[in-house]
Amino acid sequence: MIKRRRILVTSALPYANGPIHIGHLLEVIQTDIWVRFQKARGHECYYVCADDTHGTPIMLKAQADGISANTLIERINREHKRDFAEMLIDFDNFGSTNSLDNKALCERIYLNLRNAGHIEKRTIRQAYDEQAQMFLPDRYVKGECPTCGTADQYGDSCESCGATYSPADLKNAISVVSGTTPVEKESEHYFFKLSSFEEDLVMWIQSGAVQPGVARKLNEWFTQGLKDWDISRDIPYFGFEIPEAPGKYFYVWFDAPIGYLASFAELCARTSLKLEDFFKVDSCTELHHFIGKDILYFHTLFWPAILQAAGMRRPTSVHTHGFLTINGQKMSKSRGTLITARRYLERFPCEYLRYYLAAKLGSGLDDLDLNLSEFSTRLNSDIVGKLVNIASRCAGFITRSASGTMSSGEQSSGSLATRLPEPQLYAEFAAAGESIAAAYESRDTASAIREIMTLADRANQYIDQRKPWVLAKSPEKLLEVQAICTQGLNLFRALMIYLQPVLPVMATKSMHFFRETAWSWESAATPILGTRIAPYEPLATRLDPKAVAQLIDSDPIPPPLGPANMVTAIPLAAALTPVARSTSNVSDTLSAGAAAAHITIDEFMRVDLRVARVIAADLVEGADKLLRLKVNVGELGDRLILAGIRAAYDPQTLIDRLIVVVANLEPRKMRFGISEGMTLAAGPGGKDLFLLSPDSGASPGMRIK
RNA sequence: GGUGAGGUAGCUCAGCUGGUUAGAGCGUGGCACUCAUAAUGCCGAGGUCGAGGGUUCGAGUCCCUCUCUCACCA
């Protein structure tokens with residue numbers, strides 16, 4: 001009997017500023033397969049993850065969208081959960097780093113570090129945007145490379161010549177946020193003294209916690225010597241404020257891995273599990289992190305050091321995988337190869353992607369290529385042609401010539417397995433269970449799949465040799481036909497049990513086909529005999545290569561404006577159209593055509609329409625068409641809007657009225673000030689303009705959708 | 001630039017601590033079969049294992065040099 005292990009597993013936290021794409025899926029699918037495998041083996045295994053919600057990019061994206069950061073991350077969280085669920089990623093908990101649990105844990109861990117003397121204050125100089133009044137991360141400063149002069153380079157390194165430098169070295173630097181020239185400014189930051197953990201980290205890494213290739217990679221950093229780690233950021237920042245340090249926030253990479261604990265804490269809160277059992281320093285549970293190689297540094301240096309410094313256990317292992325490429329190329333939006341989970345799921349069964357990736361996933365750091373033509377041939381050949389075919393070709397005989405009952409093998413004696421016509425063949429399948437399990441365990445799923453498919457070939461060969469379709473023509477040989485197909489179906493059953501971690505739905509359907517209720521890994525060791533099967537229903541259908549090719553967005557960049565694209569273009573065009581002109585330009589173009597091409601719901605959702613209350617309305621001196629409106633948009637605060645409705649409305653009649661505004665319109669500088677939105681009105685313009693209003697009950701800030 | 005990974009049949013890859021004629025799947029040519037979702041089975045073609053040098057009785061497998069590809073650089 002295998003010793004029952006207690007295992008906690010995580011996948012890297014997806015960043016909450018965009019949708020789940022196929023690169024994320026590579027990681028969660030790999031992890032999910034490993035977790036399902038552990039569960040099938042009878043271990044106690046938990047799988048948690050969360051959204052990574054903090055940091056400057058989220059803060060700025062929310063601002064750009066005209067919504068609060070909280071609104072943004074809540075929306076993204078719902079989308080992420082839905083995508084993962086449809087991909088059959090079986091999280092025991094999926095949380096958010098913006099949770100109260102995480103805040104408490106961050107503070108507790110930070111105070112532990114500080115009280116143990118692992119935190120140090122230092123003054124640093126950093127690029128500062130005076131207009132936006134914020135410090136700028138390196139990636140938010142752009143300019144010419146000081147070494148080679150290439151334009152439009154980020155503040156940390158040059159993509160052209162590879163030079164590394166600091167933002168202050170850039171020539172003609174500008175802030176990406178405001179477009180102004182940044183200045184250097186001093187600020188006090190908090191550093192985690194990583195350097196004092198160097199020896200322990202070396203030992204931890206040598207203990208086998210990481211793959212050999214990763215250990216070699218880390219050596220590079222050790223030979224350079226570890227640098228202490230800046231864990232603080234200045235206000236404004238979306239994150240958690242550091243205790244006893246007003247205006248200072250935890251750097252997103254400090255609170256993100258702690259999010260693993262926080263997500264598990266949520267699971268503990270609704271079960272009898274105890275966080276302490278898994279994280280105390282002498283815990284005998286296992287902790288496994290699955291990550292991509294881009295975030296190696298954080299997980300193999302900072303994170304174990306933080307855990308150790310805070311008096312907790314370190315990870316059992318960190319499993320690092322390579323990147324996903326599409327047709328041999330890096331994923332890219334402009335090439336249309338940034339395939340979102342949604343795009344995939346709208347077209348194909350989730351299990352096909354799970355299988356394809358599983359068949360190519362090794363235990364190393366190599367990048368993995370999703371080749372679309374290979375995708376369909378592989379699925380059609382392996383799953384439909386070989387695997388499912390075994391059941392498909394046997395089931396008919398059992399149903400037709402044996403009234404749906406498998407052979408019981410009663411004519412021979414002995415154990416169940418030996419009552420099959422070819423006991424040795426079954427024994428071979430049963431014995432393979434251990435080496436397949438070893439491959440799964442070491443995350444070499446490609447090897448597991450190879451072995452399973454070799455067995456599938458053996459099963460088809462067996463059926464071919466025994467030719468039940470020939471025997472079935474002689475009534476006296478029907479028992480033999482039944483026995484052969486019973487053997488075939490049992491071989492299929494063993495294979496499906498081995499594939500359960502990869503193909504959970506197909507496996508469940510197969511289990512129901514055998515009229516069974518549960519499969520563990522050991523179920524494959526013993527065949528089932530003499531039972532009735534359910535009528536066979538196709539378990540998988542073939543993929544059309546042409547449809548697969550369309551996974552890539554062949555038209556990723558919107559074409560120039562034309563009648564057919566008019567509506568799609570509106571959000572973009574509107575974003576550049578000042579409010580005052582909205583009544584002439586945009587409404588004219590819209591009314592001109594009797595509707596046009598469809599837009600997707602996502603495209604529509606990009607327009608943030610809100611209910612707003614007019615709190616002040618004035619004439620604009622010198623402008624004969626404009627009114628200056630001050631509106632309250634609930635959680636988004638107050639906005640100043642210059643609206644071209646003077647001919648149609650008396651300002652006094654507007655005060656206190658509810659109207660509809662576009663809240664995420666890019667602010668537009670006009671002669672009379674900056675307009676921070678757009679009011680919605682119908683009509684050709686001039687005196688014939690009619691503002692839109694919600695029915696009573698609506699309140700400022702409500703989103704219109 | 002530094003570091004890491006990798007270059008094995010048309011494509012995707014396996015080849016563990018060096019050992020008989022280098023493997024699989026897909027694709028391809030031929031044959032067989034017709035139970036099965038034009039599925040399956042059998043036979044074949046196709047590789048001087050990136051290049052050169054070295055160690056060894058023997059190297060795709062170890063060492064050195066070169067070359068190309070990819071990735072990472074807090």
Side-chain angles (χ1 to χ4, degrees), chain A residues 138 147-148 156-158 160-164 192 194 211-231 251 253 292-302 320-323 325 327-330 356 359-362 364-401 439 444 446-447 449-454 456-473 481 484-485 488 492 536-543:
Chain A
D138 292 354
T147 309
C148 71
D156 49 358
S157 65
C158 174
S160 173
C161 72
T164 58
F192 171 61
L194 180 66
Q211 293 115 298
V214 173
R216 281 193 289 273
K217 177 73 191 162
L218 293 175
N219 256 332
E220 173 190 338
W221 284 320
F222 285 122
T223 53
Q224 284 172 21
L226 297 183
K227 290 183 193 167
D228 293 339
W229 184 37
D230 185 353
I231 59 162
Y251 176 40
W253 265 112
K293 60 188 180 183
D294 52 329
I295 53 175
L296 206 60
Y297 198 84
F298 299 101
H299 284 82
T300 54
L301 298 180
F302 294 139
T320 311
H321 60 79
F323 293 135
T325 55
N327 286 341
Q329 290 189 304
K330 216 170 164 175
Y356 179 81
K360 300 190 86 173
L361 265 167
L365 301 187
D366 302 340
D367 288 351
L368 188 155
D369 187 44
L370 168 56
N371 181 292
L372 293 179
S373 62
E374 189 205 3
F375 181 75
S376 47
T377 54
R378 177 122 211 181
L379 261 297
N380 290 341
S381 161
D382 283 8
I383 299 296
V384 183
K386 289 180 182 179
L387 179 73
V388 164
N389 184 48
I390 302 168
S392 173
R393 67 195 305 197
C394 291
F397 291 112
I398 298 286
T399 309
R400 284 191 302 269
S401 356
D444 191 357
S447 167
I449 297 288
R450 254 198 313 279
E451 202 168 336
I452 291 167
M453 280 306 137
T454 304
D457 287 341
R458 297 276 294 112
N460 276 313
Q461 282 163 13
Y462 166 77
I463 297 162
D464 246 70
Q465 281 159 12
R466 303 298 301 265
K467 301 191 182 4
W469 58 92
V470 175
L471 302 174
K473 288 171 183 158
V481 170
I484 292 164
C485 292
F492 168 75
Y536 177 78
E537 285 169 25
L539 289 163
T541 51
R542 309 179 71 76
L543 277 173

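The model shown is predicted, which means the values in this text are computed figures rather than measured ones. Scope of the values below: all heavy atoms of this structure, side chains included, with no hydrogens, waters or symmetry mates. Chain A is the first sequence line, chain B the second, and so forth, proteins listed ahead of strands; every chain is numbered from 1.
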Review point. For A/N460, which of A/R393, A/K386, A/Q465 qualifies under side-chain hydrogen bond (donor to acceptor under 3.5 Å, both in side chains)?
Key: A/R393
Exercise for review: Grab the two heavy atoms, one from A/W469 and one from A/I463, that are nearest each other, plus how far apart they are.
Suggested key: CZ3-O, 3.8 Å
Exercise for review: Return the minimal non-hydrogen interatomic distance between A/L365 and A/Q211, and the atom names on each side.
Suggested key: CD2-NE2, 4.0 Å
Exercise for review: Return the orientation label for the A/H299 and A/W253 ring planes: parallel under 30°, perpendicular over 60°, tilted otherwise.
Suggested key: perpendicular
Practice item. Check the side chains of A/T325 and A/D369 for a donor-acceptor pair under 3.5 angstrom, ignoring hydrogens and angles. Key: yes
Whole-Å distance between [N] [atom2] and [X] [atom1]?
{"X": "A/D294", "N": "B/A71", "atom1": "CG", "atom2": "P", "result": "12 Å"}
{"X": "A/N460", "N": "B/C33", "atom1": "CG", "atom2": "C1'", "result": "13 Å"}
{"X": "A/L301", "N": "B/C73", "atom1": "CG", "atom2": "C1'", "result": "13 Å"}
{"X": "A/F492", "N": "B/A36", "atom1": "CZ", "atom2": "C1'", "result": "13 Å"}
{"X": "A/K360", "N": "B/C11", "atom1": "NZ", "atom2": "C1'", "result": "9 Å"}
{"X": "A/M453", "N": "B/U12", "atom1": "CE", "atom2": "C1'", "result": "16 Å"}
{"X": "A/Q211", "N": "B/A5", "atom1": "CD", "atom2": "C1'", "result": "12 Å"}
{"X": "A/Y356", "N": "B/G25", "atom1": "OH", "atom2": "P", "result": "18 Å"}

Review point. Closest nucleotide of RNA chain B for A/L368 versus for A/L226: which of these residues is on the 5' side?
Key: A/L368
Review point. If you pin A/V388 and A/L365 to their nearest nucleotides in RNA chain B, which one's is more 5'?
Key: A/L365
On a whole-Å scale, what distance lies between the [atom1] atoms belonging to [N] and [M]?
{"N": "B/A45", "M": "B/G29", "atom1": "C1'", "answer": "7 Å"}
{"N": "B/G7", "M": "B/G15", "atom1": "C1'", "answer": "15 Å"}
{"N": "B/C62", "M": "B/G18", "atom1": "C1'", "answer": "7 Å"}
{"N": "B/G30", "M": "B/U17", "atom1": "P", "answer": "42 Å"}
{"N": "B/G53", "M": "B/C11", "atom1": "C1'", "answer": "32 Å"}
{"N": "B/U37", "M": "B/U48", "atom1": "P", "answer": "42 Å"}
{"N": "B/C57", "M": "B/G41", "atom1": "P", "answer": "46 Å"}
{"N": "B/C64", "M": "B/G6", "atom1": "P", "answer": "15 Å"}

Revision key, fill the gap. Residues of residues 377-387 of chain A with a heavy atom under 4.0 Å from any atom of RNA chain B, listed by number, are A/T377, A/S381, A/V384, A/G385, A/K386
When you get a sec, tell me which of [options] is the closest nucleotide to the side chain of [X]?
{"X": "A/E374", "options": "B/U40, B/U12, B/A71", "answer": "B/U12"}
{"X": "A/K293", "options": "B/U37, B/G25, B/A71", "answer": "B/A71"}
{"X": "A/D367", "options": "B/C33, B/A71, B/U40", "answer": "B/A71"}
{"X": "A/W469", "options": "B/U37, B/U34, B/C13", "answer": "B/U34"}
{"X": "A/R450", "options": "B/C35, B/A14, B/U37", "answer": "B/A14"}
{"X": "A/D464", "options": "B/U37, B/C42, B/U40", "answer": "B/U40"}

Is any side-chain heavy atom of [X] less than 4.5 Å from a side-chain heavy atom of [Y]?
{"X": "A/F323", "Y": "A/L368", "result": "no"}
{"X": "A/N389", "Y": "A/V384", "result": "no"}
{"X": "A/V481", "Y": "A/K473", "result": "no"}
{"X": "A/K360", "Y": "A/E374", "result": "yes"}
{"X": "A/Y251", "Y": "A/F192", "result": "no"}

For [X], which contact category applies under a 4.0 Å heavy-atom criterion: base, sugar-phosphate, or nothing?
{"X": "A/L539", "result": "base"}
{"X": "A/A540", "result": "base"}
{"X": "A/P468", "result": "nothing"}
{"X": "A/F375", "result": "nothing"}
{"X": "A/F298", "result": "nothing"}

Exercise for review: Would you verify whether the NZ or CZ of A/R400 falls within 45 degrees of the ring axis of A/F397 while also being under 6.0 Å from that six-membered ring's centre?
Suggested key: yes
Practice item. Both distances under 3.5 Å, Watson-Crick or G-U wobble: on that basis, could you give the dot-bracket string for RNA chain B, with [ ] for crossing pairs and | for other-strand partners? Key: (((((((..((((.....[...)))).(((((.......))))).....(((((..]....)))))))))))).
Practice item. Test A/S392 against A/Y536 for side-chain contact (heavy atoms from CB on, under 4.5 Å), laying out the working first. Key: CA-CA 7 Å; A/S392 173; A/Y536 177 78; 3.7 Å; yes
Exercise for review: Output yes when at least one side-chain N/O atom of A/Q465 is less than 4.0 Å from OP1 or OP2 of B/C42, else no.
Suggested key: no
Check your understanding: Has A/R393 got a side-chain N or O lying under 4.0 Å from the OP1 or OP2 atom of B/A39?
Key -> no
